[in-house]
Amino acid sequence: MTPERFSGPPPLLVGVMPNQHPEVLTTAAKLAARLSAPLLCAYVDEASYLVEWDPGRSAHRLSLHPGQDNEDILAVTTGIKAAIERTVANAGTDGVRVEWTLRTLAGDPARALARLAQESNVPMIIVGTSERGLSHRISEMLNGSVGLWLTHHQSRPVLVVPYRRPAHEDRE
């Protein structure tokens with residue numbers, strides 16, 4: 001399902017990734033249910049890259065929205081779709097069915113989400129914080145924070161859902 005085929009209000013955009021903590025999707029699903037809005041889930045394949053953008057050339061449009069013919073991307077998105085289905089079904093939306101779709105994007109995650117938000121005219125972007133730990137801190141230091149970049153470069157609201165861990169497990 002594409003965002004143009006949703007019935008009713010425009011979708012909420014939520015950034016998703018493999019093995020993401022369920023708080024992000026759960027929060028997005030609950031908010032979508034309360035607002036009677038669908039979810040536009042977006043996975044950004046960081047391993048891909050964009051060619052110089054020329055909307056008239058189909059190859060360039062495909063670099064923004066990679067196809068599902070790549071076996072690696074297909075395996076990742078199949079797992080993400082299963083996680084979305086499971087999380088949305090168990091999000092406690094009081095029986096409200098939340099419509100959703102998954103889009104695969106390419107390039108820098110923050111900029112790809114911003115482009116999709118603009119294309120789809122979403123009212124809000126929902127992302128998670130990075131996990132704690134040294135490897136995630138190094139990655140964030142090198143690549144930057146998606147949530148931080150979006151909050152500084154967007155004209156629409158950005159909801160950053162914190163990664164929650166019980167206090168007794170919060171060791172750094």
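- Taking every heavy atom of both residues into account, Leu25 and Cys41 meet most closely at CD2-SG, 4.3 Å.
- Under the 3.5 Å distance criterion, the side-chain polar atoms of Gln20 are matched with a main-chain donor or acceptor of Gly15.
- When the side chains of ILVMFWY residues are joined at heavy-atom separations under 4.5 Å, either directly or via intervening members, Trp100 and Val96 end up in two distinct hydrophobic clusters.
- The minimum heavy-atom distance between Val24 and Val127, with the atom names listed, is CG1-C, 4.2 Å.
- When all heavy atoms of Thr151 and Leu148 are compared, the pair lying nearest together is OG1-O, 2.8 Å.
- Taking every heavy atom of both residues into account, Ala42 and Leu116 meet most closely at CB-CD2, 3.7 Å.
- In this structure, CD1 on Ile125 lies 9.5 Å from CD on Gln118, to the nearest 0.5 angstrom.
- The CG atom of Asp45 lies 10.0 Å from the OG1 atom of Thr77; values are rounded to the nearest 0.5 Å.
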task = Show your working on side-chain contact (heavy atoms from CB on, under 4.5 Å) between Leu12 and Val122 and close with a plain yes or no.
result = CA-CA 6 Å; Leu12 302 178; Val122 300; over 6 Å; no

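- Both Leu102 and Ile126 sit in one connected hydrophobic cluster of ILVMFWY residues. Membership requires side-chain heavy atoms under 4.5 Å apart, directly or through other members.
- In this structure, NZ on Lys30 lies 11.5 Å from OG1 on Thr87, to the nearest 0.5 angstrom.
- Other residues, nucleotides and ligands contribute over 12 non-hydrogen atoms within 6.0 Å of the CZ atom of Arg156.
- Separation of atoms NE2 (His21) and OG1 (Thr129) is listed at 8.5 Å; rounding is to 0.5 Å.
- Not one N or O on the side chain of Ser120 forms a donor-acceptor pair closer than 3.5 Å with the backbone of Ala117.
- Separation of atoms CD (Glu99) and CG (Leu39) is listed at 10.0 Å; rounding is to 0.5 Å.
- Between Val14 and Ala28 the shortest heavy-atom distance is CG2-CB, 4.0 Å.
- Atoms CD and CG, on Glu119 and Leu105 in that order, are 8.0 Å from each other to the nearest 0.5 Å.
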task = Using the side-chain contact (heavy atoms from CB on, under 4.5 Å) rule, take Thr104 and Val76 through it: C-alpha gap first, then chi angles, then the decisive distance, then the call.
result = CA-CA 10 Å; Thr104 304; Val76 169; over 6 Å; no

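- Of all heavy-atom pairs between Ala106 and Val44, the closest is C-CG1, 4.1 Å.
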